[in-house]
Trainee: 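One structure coming up, written as structure tokens, with questions to follow.
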Amino acid sequence: MVGGKTSASTIIYSMDLTKISLAEFLRYYEQPISEEQAWAICFQSCCKMKQIVMQGVDSVLHMIILDVDNLYIHSDGSVSFTLGSAYSYCPVF
């Protein structure tokens, strides 16, 4: 901890969270994520969408991540999200 600030990793560890929303992560981190981190989130999101399609969702075209509050980063690096559509919300996958 430098200058009274706590890093995101310290907060996540001390709260013993298994996931955190991207919005919360950005608030704690207090700076933009790196390009590498952004690509990792995109890759993990695509993997999760593929998994959802394999479970029977008609199309990834109906998958809309509405906000950074709806995308969760898990402690193992995977992601999950709350899906939105023009008609309704789906539960967290």
Trainee: To the nearest 0.5 Å, what is the distance between CD (Glu35) and SG (Cys42)?
Mentor: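 One finds 10.0 Å between CD of Glu35 and SG of Cys42.
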Trainee: Please say yes or no: joined through hydrophobic side-chain contacts below 4.5 Å, possibly via intermediate residues, are Ile73 and Val68 part of one cluster?
Mentor: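 Linked, Ile73 and Val68 end up in one cluster.
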Trainee: Please answer: with hydrophobic residues joined when any side-chain heavy atoms are less than 4.5 Å apart, are Phe43 and Tyr72 in the same cluster?
Mentor: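 No, it is not one cluster - the side chains of Phe43 and Tyr72 are not joined through contacts under 4.5 Å.
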Trainee: How many angstroms lie between atom CZ of Phe81 and atom CG of Asn70, to the nearest 0.5 angstrom?
Mentor: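 Taking CZ in Phe81 and CG in Asn70, the distance rounds to 10.5 Å.
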Trainee: Measuring only between side-chain heavy atoms, which start at C-beta, is Ile33 closer than 4.5 Å to Ile41?
Mentor: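 Counting from C-beta outward, Ile33 and Ile41 do come under 4.5 Å.
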Trainee: Let me confirm one number: the CG-NZ distance from Asp76 to Lys19, rounded to the nearest 0.5 Å.
Mentor: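 Here the rounded value is 12.0 Å.
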Trainee: Counting neighbours of CD on Gln31 that are heavy atoms of other residues, nucleotides or ligands and sit closer than 6.0 Å, is the number greater than 12?
Mentor: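 Enclosed: over 12 neighbouring heavy atoms sit under 6.0 Å from CD of Gln31.
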Trainee: Are side-chain heavy atoms of Lys48 and Gln51 found at a separation under 4.5 Å?
Mentor: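 Yes; the side chains approach each other to less than 4.5 Å.
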Trainee: Quick one: OH on Tyr28 to CD on Glu30, what's the gap to the nearest 0.5 Å?
Mentor: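 If I round to the nearest 0.5 Å, the distance is 11.0 Å.
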Trainee: Mind checking the CD-OH spacing from Gln37 to Tyr29? Nearest 0.5 Å is all I need.
Mentor: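 Spacing of CD (Gln37) from OH (Tyr29) equals 4.5 Å.
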Trainee: Just to verify, what does Ser21 make a side-chain hydrogen bond (donor to acceptor under 3.5 Å, both in side chains) with, not counting sequence neighbours?
Mentor: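 Result, side-chain hydrogen bond (donor to acceptor under 3.5 Å, both in side chains) vs Ser21: Glu24.
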Trainee: Output yes when a side-chain donor or acceptor of Ser78 lies under 3.5 Å from a complementary backbone atom of His74, and no otherwise.
Mentor: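 A pair under 3.5 Å: no.
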